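Read through the structure below, which is laid out as structure tokens, and then see the notes.
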Amino acid sequence: MLLSSVPPLPTAPASSSSSSSSSSSSSSILHFLPSSTDPPYTLLENHPSLILLSQCESIHTLKQVHGHVIKTGLHNTLFALSKLIHFCALSPSADLSYALSLFRSAPQQPNPFIFNTLIRAHSLTPSPLHSLNTFSEMIASGVQPNSHTFPSIFKSCAKSKAPREGKQLHSQVIKLGLQSDPHVHTSVIAMYAKVGELGDARKVFDKSPLRDAVSFTALVTGYVSEGRVDDARTLFDEIPRKDVVSWNAMIAGYVQSDRFEEALDCFDVMKEAGVEPDQSTMVTLLCACGHLRKLELGEWIGSWVRDHRLSSNLQLTSSLIDMYAKCGEIDKARDLFDGVEERDVIIWNTMIGGYSHLCFYEDALALFDLMLRSNVKPTDVTFLAVLPACACLGALDLGKWIHAYVDRNLKSIDNASALWTSLIDMYAKCGSIEVAEQVFRSISCRSLASWNAMTSGLAMHGHADRALRLVSEMTDEGYQPDDITFVGVLSACTQAGLVDLGQQYFNSMTQDYKISPKLQHYGCMIDLLARSGKFEEAKSLMRSMDMEPDGAIWGSLLNACKVHGDVEFGEYVAEQLFQLEPENTGAYVLLSNIYAGAGRWDDVARIRTMLNDKGMKKVPGCTSIEVDGVVHEFLVGDKFHPQSKEIHTMLDEVDKLLGEAGFVPDTSEVLYDMDEEWKEGALSHHSEKLAISFGLISTKPGTTIRIVKNLRVCRNCHLATKLISKIFNREIIARDRNRFHHFKDGFCSCNDCW
DNA sequence: ATAGGGTTAG
């Protein structure tokens, strides 16, 4: 199967000029303009230029109107200038820099309206603190701020989390005696609540007699953002006449605190109170539906959206897509996505994230590709959804492309730490553990998650010593290890067979760090003990668990039974596994291998018959390899690749050279052993050998070949790959279901223990 | 002429 190729690395971000949409039709507006010979207009409001101004739909036409305003001398009136600036700064097609140039070239002292307009315009930009500069300029020009000035400026303080500036402005409000204006009052409360000064917000609220739903709601949101939902609820219950915004704030409060059931309960009470929900209510409810997998309510909201003719609303549609994806209804999500004509970046991110969330990684990458081809610029959120797909599929080239794109194009990243952590994880899972470490060393915003990703990456590659040193470096830097850190530590010990050390860490985790072991920790320990043949200790650890062992734990025990040839215990373990996971064919295969190892061929045949009777098919072995940004997948005996002929020619050559090097396939395995990969034909047709052969013909001699396999590597392939690495002088990095194998000069980094 | 509280993607 082929995935669409990676687009070339973009150079500079495409500077989208806003005027590109305006067409030549704009000239038609001009013949309505009065010439200078027209009669004078006494009422400025009715001047045709100003009427045209209010009808302007683009900045392009506005500039034409502006030219005419100058011709007629109207620009000398502050009224016309105000209109012009207001339009430029706040209309849907705003051009703030043009508004500012009009402001700078004003022939007279600007009026408060113009200052207020500019302050508000700045408050809506990504750098809202500029509105404080405009405010200072206003004061310096001797223009007095009024009740319209402060709400926007407090919004700026709130947006940029500036409590100091907010406090100073609050004292200005009191000096000017504007504190009893309802708009100013509410914006002060909201400002304090949003910059984390809930005490001040409460003081302002308590001191004033103004207690409408609006000021109440501002305070409710403050409690929510402090995580005090129950206090918010107490206050909410006191609101005399709750309007839709008050209800929305309360419902959102529950959602933000992950209390989704209560959010839905709150919605029920809202309906009983007879308050009509609006778009915001629905967006918030959809979030709760997704988390609770409440498909039915979600569908109901979907029909509400259609009934209210809001299907073109992108916010609602992306929330619906997210809800469907979280409920596992990916096709319904995609149908909605396909129905949207003008997609914004959020809706792309939602759909890609939906695929990634359900582990449909190929679809996620295909849609990401389509997104780039549609000239939509990806964001950090896009990459947070795409990188796990790269990591899972081993799409290293695409991952590298994203890394370069982030370095070049994303100047300020909202989720910088999460993004770097995803990159570290991607490099590690794609086999580039050294690059993963380079990235880890280069970043300034390391979080516990970054340390954890690096640790488990090293563990995956069998570098137990480096993983353990990293963790001690981490604790030296003052980070407190969490349960995930210990999963990395214990799996490092497991991969390297460090039994005593593993036990020490396990004890330290519970005793020193008071972390109660989870299933994964037990899994690592039981795997570690069983592999070393310490079955009794593994069993007693299992008995000490206060939870039921899962399939993975029984599976690792069964695997250990195979390695140590313990038939009796193996039969017992297999029985447990059959009961827990009747559909797990791997369990039958393992038991069959145990019988084969003991020469009990009748039992081998019995298991095979059992599998056939149940109509069970094993998961087909599949290996993927990325060449020039394209991911190629191979199945057992695959003949569907476009270059199949060349691949099989190479395969024959490989077999010939392997034979000359003394490689003898284990024929007993072919006859009796049912290893993880179903034996359909010759061993040389195993998917990893196909992928390696393809790699040999399509990459330069001497370069590293990276492959990803969905199952564990079988013994024959492991031996063959070691020899191939020597014969062809290639480093081969193979990821199997459990870990990495670095094949080089005839050896493997796992020391033949996996 | 202008201004207040609430909402989404991982």
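Chain identifiers are assigned alphabetically (A, B, ...) following the order of the sequence lines, protein sequences preceding nucleic acid strands; residue numbering begins at 1 within each chain. Every value quoted in this text rests on a predicted model; they were computed, and no experiment measured them.
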Quiz item: Which whole-number value in Å describes the distance from A:H183 NE2 to B:dG5 P?
Solution: 9 Å
Practice problem: Would you indicate what A:K242 reaches in the nucleic acid, counting non-hydrogen atoms under 4.0 angstrom: base, sugar-phosphate, or nothing? | Solution: nothing
Quiz item: Does A:F440 offer a backbone N or O that forms a donor-acceptor pair with the side chain of A:R446 under 3.5 Å?
Solution: yes
Quiz item: If you look at every strand shown and take non-hydrogen atoms under 4.0 Å, does A:D322 touch a base, only sugar-phosphate, or nothing?
Solution: sugar-phosphate
Quiz item: Do the side chain of A:D243 and the base of B:dG5 come within less than 3.5 angstrom through a donor-acceptor pair of N or O atoms?
Solution: yes
Quiz item: Within this structure, what is the CD1-to-P distance between A:I153 and B:dT2, rounded to whole angstrom?
Solution: 19 Å
Quiz item: For the side chain of A:N415 and the base of B:dG10, is some donor closer than 3.5 Å to an acceptor across the two?
Solution: yes
Self-check item: Base B:dT7 to side chain A:S280, donor-acceptor N/O within 3.5 Å cut-off
Solution: yes
Quiz item: Touch check for A:D380, heavy atoms < 4.0 angstrom, all strands: base, sugar-phosphate only, or nothing?
Solution: nothing
Exercise. May I ask you to check if A:K271 and A:W304 form a cation-pi contact, with NZ or CZ under 6.0 angstrom from the six-membered ring centre and within 45° of the axis?
Key: no
Quiz item: Is A:S82 touching bases, backbone alone, or none of the nucleic acid, heavy atoms closer than 4.0 Å?
Solution: base
Quiz item: Just checking A:A213: base, sugar-phosphate only, or nothing, at a heavy-atom cut-off of under 4.0 Å?
Solution: base
Exercise. Report yes if a donor N or O on one partner sits less than 3.5 Å from an acceptor N or O on the other, where the partners are the side chain of A:S187 and the base of B:dG4; otherwise report no.
Key: no
Exercise. Give one of base, sugar-phosphate or nothing for A:T117, where a contact means two heavy atoms less than 4.0 Å apart.
Key: nothing
Quiz item: Looking across every strand, which nucleic acid part, if any, lies under 4.0 Å from A:S215 by heavy atom: base, sugar-phosphate, or nothing?
Solution: nothing
Quiz item: Which nucleotide sits closest to the side chain of A:T186: B:dG4, B:dT7, B:dG10?
Solution: B:dG4
